[in-house]
Amino acid sequence: MDIRPLFSYRRGTSFLHRMSPLLKLLFLFGFTALIFFFPNYVQVYSVFFILLARFIGFSLLDQLRDLKPIIPYCLLLVSLHIFSLLIKAESDIKDSGFLILKLIALMQLSSLFFNTTTSLQLKETLEKILPFRTAALLSLFLFFIPLLFSIWTKLDYAWKARGGKKGLLKFFKLLPIFISEAMYKGEKLMYGLKNRT
């Protein structure tokens with residue numbers, strides 16, 4: 001069973017791993033703009049991200065696993081579309097489909113960035129072009145997402161190891177611990193940042 005948290009760094013020697021984190025960050029923002037301003041080509045972007053991930057050694061299963069967080073949103077969009085059809089409201093499946101494809105492409109892009117870049121690499125690169133405090137805050141902001149997924153993954157596996165069942169009870173029991181742990185980690189990061197300034 002894979003216990004690697006979503007959006008965590010994966011060791012590798014591909015050209016994407018070796019590419020400058022700043023260049024990867026520019027590609028992240030550039031492709032995000034393309035996805036939103038030229039949505040008619042979103043299928044092309046998605047296929048490109050799949051092929052790129054396979055080329056650098058990420059399996060299709062790993063890529064599908066990284067799409068897990070958007071499954072509830074996609075199901076919600078499909079449910080809302082079905083509901084609008086039942087009440088005979090104006091609804092276009094094409095719009096919902098494009099929105100789902102945009103979400104998938106954005107998740108693939110984010111996954112490629114986080115899986116090939118460490119927070120240290122990004123922070124060191126940003127420190128070369130930005131003031132220290134700004135660089136540290138930006139890199140912490142970008143890498144707080146993988147940190148949250150890491151916390152949730154550990155809690156989830158601890159819950160399963162103790163024989164906990166899936167359901168609302170799990171969510172209500174783990175959510176306060178998750179918030180507490182996230183605040184603790186955030187506080188540690190803040191103190192670490194203050195000590196370095």
Side-chain angles (χ1 to χ4, degrees), residues 1-10 28-29 31-37 39-50 52-54 58-117 141-186:
M1 179 167 26
D2 183 19
I3 60 168
R4 184 186 58 79
L6 293 170
F7 299 125
S8 61
Y9 176 74
R10 301 181 202 181
L28 178 72
F29 292 134
F31 271 113
T32 300
L34 279 175
I35 289 165
F36 278 103
F37 294 118
N40 292 338
Y41 302 104
V42 74
Q43 302 96 325
V44 176
Y45 309 142
S46 205
V47 169
F48 172 71
F49 297 143
I50 290 170
L52 181 60
R54 284 297 300 132
F58 299 156
S59 71
L60 287 173
L61 186 61
D62 287 336
Q63 294 179 56
L64 285 172
R65 201 174 284 126
D66 284 344
L67 294 177
K68 218 162 110 179
I70 61 165
I71 291 172
Y73 298 111
C74 295
L75 292 174
L76 178 66
L77 287 170
V78 170
S79 303
L80 289 173
H81 178 72
I82 292 169
F83 180 71
S84 66
L85 289 176
L86 292 174
I87 61 168
K88 298 185 179 8
E90 291 269 334
S91 178
D92 189 5
I93 187 69
K94 188 178 175 186
D95 292 337
S96 300
F98 267 121
L99 189 54
I100 289 170
L101 285 172
K102 279 189 216 175
L103 282 171
I104 290 170
L106 288 170
M107 285 298 285
Q108 290 173 305
L109 180 61
S110 302
S111 178
L112 281 170
F113 177 76
F114 287 117
N115 290 337
T116 59
T117 312
F141 168 74
L142 286 171
F143 281 90
F144 204 67
I145 296 166
L147 180 66
L148 292 176
F149 276 111
S150 174
I151 293 167
W152 182 258
T153 301
K154 288 175 187 169
L155 291 174
D156 186 45
Y157 280 99
W159 176 263
K160 288 175 183 171
R162 289 175 175 81
K165 306 250 187 300
K166 283 189 177 185
L168 279 178
L169 178 65
K170 170 188 167 182
F171 179 75
F172 287 119
K173 290 245 183 182
L174 293 184
L175 187 63
I177 302 167
F178 173 74
I179 292 170
S180 170
E181 187 70 16
M183 289 175 74
Y184 173 71
K185 295 268 188 190

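Computed over heavy atoms, backbone and side chain alike; hydrogens, waters and symmetry mates excluded.
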Salt bridge or not for Asp66 and Arg10, using N-O below 4.0 Å? yes
Do the ring planes of Trp152 and Phe171 sit parallel (below 30°), tilted (30 to 60°) or perpendicular (above 60°)? tilted
What distance do [X] atom [atom1] and [Y] atom [atom2] have between them, rounded to the nearest 0.5 Å?
X      : Y      : atom1 : atom2 : answer
Ile179 : Leu175 : CD1   : CG    : 4.0 Å
Leu101 : Asn40  : CG    : CG    : 11.5 Å
Ile104 : Gln63  : CD1   : CD    : 12.0 Å
Ile100 : His81  : CD1   : NE2   : 9.5 Å
Leu148 : Glu181 : CG    : CD    : 10.5 Å
Leu76  : Ile71  : CG    : CD1   : 13.5 Å

Any side-chain heavy-atom pair of [X] and [Y] under 4.5 Å:
X      : Y      : value
Phe58  : Thr116 : yes
Phe31  : Phe48  : yes
Leu112 : Leu28  : no
Trp159 : Leu155 : no

Nearest heavy-atom neighbours spanning [X] and [Y]:
X     : Y      : value
Ile35 : Phe49  : CD1-CE1, 4.2 Å
Ser59 : Arg54  : CA-NH1, 3.3 Å
Tyr9  : Asn115 : CD1-O, 3.6 Å
Pro39 : Phe36  : CD-O, 3.6 Å

Return yes when atom CG of Leu168 has more than 12 non-hydrogen atoms of other residues, nucleotides or ligands closer than 6.0 Å, and no otherwise. no
I'd like to know whether Gln108 forms a side chain to side chain donor-acceptor pair (under 3.5 Å) with Ser46, so could you lay out the CA-CA distance, the side-chain angles of the two residues, the decisive distance to 0.1 Å, and finally the verdict. CA-CA 7 Å; Gln108 290 173 305; Ser46 205; 2.7 Å; yes
Assess the residue pair Gln43 and Val47 against the criterion (side-chain contact (heavy atoms from CB on, under 4.5 Å)); give the C-alpha distance rounded to whole Å, side-chain angles, the decisive distance to 0.1 Å, and a yes or no. CA-CA 6 Å; Gln43 302 96 325; Val47 169; 5.5 Å; no
Option from Lys173, Lys166, Lys165 for which side chain to side chain contact (heavy atoms under 4.5 Å, CB included) with Leu169 holds: Lys173
Yes or no on side-chain contact (heavy atoms from CB on, under 4.5 Å) for Leu103 and Leu77, after CA distance, side-chain angles and deciding distance? CA-CA 11 Å; Leu103 282 171; Leu77 287 170; 4.2 Å; yes
